[in-house]
Amino acid sequence: DDDYVNVASFNDEANPVACFKQLVQANVRNKNVLKDAVQKMNAQGVTDYKSGFHYAFDQLLNTTSIRANCNKMIMMFTDGGEDRAQDVFEKHNWPNKTVRVFTFSVGQHNYDV
């Protein structure tokens, strides 16, 4: 119950997938709400990594539940894209790199082999 979470979808802009506008406690009820919302997501538009990462970093910065020595992380699941988000990381996560970022590639891709 000490963990906090939120889920957003992003293409041209990032938006929460459920009714939560900020990080919420990762209890059973909230996780079920998020899981149900993720099941209803549909891929659309162009993948804009910058909007997704800006949204995620803002969520972490604007949290009202500050905990000492808590680990912060962003998990991004994507079906591909050409965008580069280096400037977002330089703004929000440089030079101390206090947020860990994990990326996962899923679904069909348009990569040249």
Side-chain angles (χ1 to χ4, degrees):
D1 287 337
D2 289 336
D3 294 331
Y4 288 79
V5 65
N6 201 355
V7 177
S9 64
F10 60 94
N11 46 35
D12 295 334
E13 64 180 9
N15 293 295
V17 298
C19 56
F20 306 127
K21 302 296 183 211
Q22 68 272 338
L23 297 176
V24 293
Q25 193 172 22
N27 58 32
V28 172
R29 178 196 166 276
N30 292 341
K31 289 189 289 187
N32 283 334
V33 168
L34 291 169
K35 184 173 78 172
D36 291 343
V38 167
Q39 294 295 325
K40 296 174 185 172
M41 286 175 55
N42 291 313
Q44 57 186 352
V46 177
T47 304
D48 180 5
Y49 294 139
K50 290 182 181 184
S51 69
F53 282 124
H54 274 300
Y55 183 88
F57 280 112
D58 288 345
Q59 288 276 298
L60 292 172
L61 290 173
N62 295 326
T63 183
T64 57
S65 59
I66 305 299
R67 302 228 185 247
N69 299 322
C70 68
N71 294 312
K72 296 178 181 178
M73 68 179 231
I74 296 170
M75 295 175 64
M76 182 186 68
F77 294 84
T78 180
D79 62 353
E82 300 296 323
D83 199 13
R84 301 289 183 258
Q86 181 175 344
D87 57 326
V88 178
F89 286 91
E90 289 172 353
K91 177 181 178 183
H92 294 288
N93 207 33
W94 191 261
N96 298 328
K97 299 180 184 176
T98 57
V99 178
R100 292 183 180 190
V101 178
F102 300 90
T103 59
F104 301 88
S105 181
V106 297
Q108 293 183 337
H109 309 287
N110 294 323
Y111 302 131
D112 292 332
V113 180

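Because the structure is predicted, anything quoted here is derived from the model rather than measured.
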Practice item. State the CG-CD distance between Asp12 and Gln44, to the nearest 0.5 angstrom. Key: 9.0 Å

Checking [X] now: which residues fulfil side chain to side chain contact (heavy atoms under 4.5 Å, CB included) with it, not counting sequence neighbours?
X: Asn32; value: Val28, Lys35
X: Asn30; value: Phe20, Val24, Gln25, Asn27
X: Ala43; value: Asp79
X: Lys40; value: none

Min side-chain heavy-atom separation [X]-[Y] under 4.5 Å:
X: Thr78; Y: Thr103; value: no
X: Tyr55; Y: Asn6; value: yes
X: Gln22; Y: Tyr4; value: no

Practice item. Mark yes or no for whether Asn15, through its side chain, and Ala8, through its backbone, hold a donor-acceptor pair below 3.5 Å. Key: no

Exercise for review: Examine distances only and state if a side-chain atom of Asp3 and a backbone atom of Ala26 form a donor-acceptor pair shorter than 3.5 Å.
Suggested key: no

Review point. Should side-chain heavy atoms under 4.5 Å link Ile, Leu, Val, Met, Phe, Trp and Tyr, which residues sit in the same cluster as Trp94?
Key: none

Revision key, fill the gap. In terms of heavy-atom contacts, Ser51 and Ala14 come closest through O-CB, 3.5 Å

Practice item. List the atom of Ser9, the atom of Val17, and the distance in Å for their closest heavy-atom pair. Key: N-CG1, 3.6 Å

Exercise for review: Just jot down the side chain to side chain donor-acceptor pair (under 3.5 Å) partners of Gln39, sequence neighbours excluded, or say none.
Suggested key: none

**Study point:** Under the ring-ring contact (aromatic ring centres under 6.0 Å, His included) test, residues paired with Phe57 that sit two or more places apart
**Key:** Phe89, His92

Check your understanding: With sequence neighbours left out, what residues match Phe104 under ring-ring contact (aromatic ring centres under 6.0 Å, His included)?
Key -> Phe77

Exercise for review: With sequence neighbours excluded, tell me which residues meet salt bridge (Lys or Arg N to Asp or Glu O under 4.0 Å) with Asp58.
Suggested key: none

Study note, to complete from the structure: Applying salt bridge (Lys or Arg N to Asp or Glu O under 4.0 Å) to Lys91 and not counting sequence neighbours gives none

Revision key, fill the gap. Salt bridge (charged side-chain N to carboxylate O under 4.0 Å, His left out) pairs touching residues 18-33, sequence neighbours excluded, are none

Exercise for review: Any pair with a residue in residues 44-57 that passes salt bridge (charged side-chain N to carboxylate O under 4.0 Å, His left out), sequence neighbours left out, goes on the list, sorted by first then second residue, please.
Suggested key: Lys50-Asp87

Are [X] and [Y] connected in the hydrophobic side-chain network, where two residues link if heavy atoms are under 4.5 Å apart?
X: Phe10; Y: Leu23; value: yes
X: Met75; Y: Val106; value: yes
X: Val7; Y: Leu60; value: no

Review point. After noting the C-alpha distance and the side-chain angles of Thr98 and Asn93, does the key distance pass the side-chain contact (heavy atoms from CB on, under 4.5 Å) rule?
Key: CA-CA 6 Å; Thr98 57; Asn93 207 33; 3.7 Å; yes

